[in-house]
J.: 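One structure, pasted below without further comment.
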Amino acid sequence: MYRAPRGTSDILPEEQAYWRHIEQKVVNVCHLYGYERIDTPTFEDTRLFSRSIGEGTDIVEKEMYTFEDKGGNQLTLRPEGTAPVCRAYLEHGMHNLPQPVKLYYMAPIFRYERPQAGRYREHYQFGYEAYGDGAPTLDAEVIDMAWQFFSSLNLHRLSLNLNSIGCRKCRPGYLATLKDYYSKYAQGLCSDCKVRLERNPLRLLDCKQPLCQEVASSAPRSINYLCPECDEHFNRLQGYLKLLELPFEVNHRLVRGLDYYTRTVFEIKPEAGGAQSTIGGGGRYDDLIEELGGKPTPAIGFAMGMERIALNLKKQGIAIPVLPRPRVFIAYIGDEARDEVVKLAARLRRAGIGAIGVVGGKSLKAQLRQANNFAASYTVIVGEQEVRTNTVVLRDMVTSEQITIPTGELQGRLNTGLR
Ligand code: ATP
Ligand code: MG
């Protein structure tokens with residue numbers, strides 16, 4: 001027997017209600033904030049990711065699904081959503097459009113990770129990006145949108161963490177100080193952090209090992225090393241978030257797993273969460289468009305994991321709308337009636353009334369059992385007598401009441417009854 005590859009899963013019909021519900025909220029919030037959908041290819045040139053995400057990051061070093069196609073091209077399955085959208089922004093000359101250009105996506109993401117609850121090798125992200133506006137008002141709006149999205153899903157008890165990691169002017173100075181500080185503790189760091197110290201010192205701050213966490217807790221804080229411009233940006237952003245009454249906390253240890261971030265970084269997680277708890281994260285990436293060959297263009301984005309949203313909806317016991325399904329079952333008695341019922345079912349469907357019929361055992365009892373299994377609201381029964389008189393029996397499955405009506409009245413009755 002074949003099984004889905006490790007770290008992947010089938011989204012079965014009973015799960016789909018969650019997905020459609022989340023998607024519906026995505027579409028609503030994007031409309032409210034003026035984001036338009038973009039879909040990019042599932043794979044891209046490998047260099048797009050290694051250049052943008054950064055060579056020393058976990059994603060590029062350990063997690064990418066990279067392959068060579070039959071034409072010798074190095075390709076990678078999308079390990080995150082931002083770089084492809086940036087590529088599309090550049091490729092289609094979107095800098096000529098009125099800025100900010102606001103785009104969103106819902107797409108599968110591939111990362112070779114150690115699978116566990118809330119962590120998969122293929123997962124879906126909803127993300128959005130805004131290009132061409134460097135003002136902190138946009139940061140506030142992007143954060144507000146994430147917060148409103150979760151509110152619209154009725155997700156409660158979330159925390160909003162905020163930090164600023166500076167820009168290419170001030171970050172090198174901070175990183176030097178950070179390295180100095182960590183060098184004193186190098187012996188006691190975990191093996192990953194020993195590598196981070198050399199290759200990606202910012203990531204030292206979010207190591208999950210208890211000993212490393214202790215070292216991180218008294219590490220120098222990036223916001224104390226910001227240049228005047230970054231400092232002003234961060235202060236104004238906090239002012240706007242207060243105006244919007246968003247309950248943010250500055251978290252000095254919040255850094256992100258990708259190299260392209262500048263200034264603002266933020267994350268949203270459930271209050272009582274474990275290691276796989278972050279629902280979404282984002283930040284500014286003011287240099288990325290330029291690094292990918294465009295002219296300097298400030299930008300900011302956010303991405304969240306759709307499986308983790310669904311997990312939290314379940315954990316918090318939030319009711320979601322059920323998906324519509326046919327509520328009319330059509331049963332028949334006798335061969336002549338079966339022909340009638342084949343036509344009747346088709347006629348109802350053409351009129352926009354979902355119908356299930358001509359299934360189940362031949363006996364009426366077996367068919368009514370089927371109707372119950374399908375949770376039908378009404379069963380329409382046609383026998384020889386009904387065929388002859390051009391009528392149908394309409395049975396209300398809740399009250400078990402039955403009436404005989406002319407076939408021509410059925411549609412009207414169902415339209416009223418199903419409302
Ligand atoms: P984590 O710290 O949990 O590894 P991350 O920083 O790698 O998350 P991002 O790259 O910011 O995550 O991706 C945005 C969101 O996508 C995450 O906040 C999370 O909700 C979700 N996500 C990331 N990786 C996975 C995964 N392997 N499986 C399921 N969801 C994921
Ligand atoms: Mg990760």
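For ligands, and for the atoms within them, numbers begin at 1 and follow the listed sequence. Quick note: numbers below take in every heavy atom, side chains included, and nothing from hydrogens, waters or symmetry partners.
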J.: Please indicate whether any nitrogen or oxygen in Glu307 is less than 3.5 Å from any nitrogen or oxygen in ligand 1.
T.: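 Such a contact does not occur with ligand 1.
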
J.: For atom 8 (O) of ligand 1, state which one of Arg308, Glu267, Arg256, Met306 supplies the nearest heavy atom.
T.: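 The nearest heavy atom belongs to Arg308.
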
J.: Nearest to atom 18 (O) of ligand 1 by heavy atom, Thr57, Ile279, Ile309: which?
T.: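 Heavy atom nearest to atom 18 (O) of ligand 1 belongs to Ile279.
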
J.: Can you find a non-hydrogen atom of Glu80 under 4.0 Å from ligand 1?
T.: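 It does not; every heavy atom stays at 4.0 Å or beyond.
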
J.: Applying ring-ring contact (aromatic ring centres under 6.0 Å, His included), can you list everything that pairs with Tyr124, at least two apart in sequence or on another chain?
T.: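 Applying ring-ring contact (aromatic ring centres under 6.0 Å, His included) to Tyr124 gives Trp19.
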
J.: What atoms of ligand 1 come closer than 4.0 angstrom to any heavy atom of Gln125?
T.: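 The list of qualifying atoms is 13 (O), 14 (C), 15 (C), 16 (O).
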
J.: For the backbone of Ser164 and the side chain of Ser222, can you confirm whether one donor and one acceptor N or O come within less than 3.5 Å of each other?
T.: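 Side chain of Ser222 to backbone of Ser164: a pair is present.
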
J.: Please report the interatomic distance CZ(Arg395) to CD1(Ile381), rounded to the nearest 0.5 Å.
T.: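 CD1 of Ile381 is found 6.0 Å from CZ of Arg395.
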
J.: I'd like to know whether the aromatic ring centres of Phe149 and Phe126 sit less than 6.0 Å apart in this structure.
T.: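 Yes: the rings meet the under 6.0 Å criterion.
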
J.: Can you tell me which residue among Asn161, Asn163, Asp206 is in a side-chain hydrogen bond (donor to acceptor under 3.5 Å, both in side chains) with Asn251?
T.: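 Testing each of Asn161, Asn163, Asp206 against Asn251, the sole residue satisfying side-chain hydrogen bond (donor to acceptor under 3.5 Å, both in side chains) is Asn161.
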
J.: Check ligand 1 against Glu113 and write out every atom of the ligand that is under 4.0 Å from a heavy-atom position of the residue.
T.: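 Contacts of ligand 1 toward Glu113, numbered from 1: 24 (N), 25 (C), 26 (C), 27 (N).
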
J.: Do Phe110 and Phe43 have ring centroids that are under 6.0 Å from one another?
T.: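 That pair fails the under 6.0 Å test.
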
J.: Mind checking whether Tyr35 and Tyr104 have ring centres under 6.0 Å apart?
T.: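 No; Tyr104 has its ring centre 6.0 Å or more from that of Tyr35.
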
J.: Using a 4.0 Å cut-off to any heavy atom of Gly280, which atoms of ligand 1 qualify?
T.: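 By the 4.0 Å cutoff, the relevant atoms are 18 (O).
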
J.: Decide whether an N or O pair under 3.5 Å exists between Gly305 and ligand 1.
T.: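 Yes: some nitrogen or oxygen of Gly305 is under 3.5 Å from one in ligand 1.
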
J.: Can you name the atoms of ligand 1, numbered from 1 with element, that are less than 4.0 Å from a heavy atom of Tyr120?
T.: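 Within the 4.0 Å cut-off of Tyr120, ligand 1 contributes 26 (C), 27 (N), 28 (N), 29 (C).
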
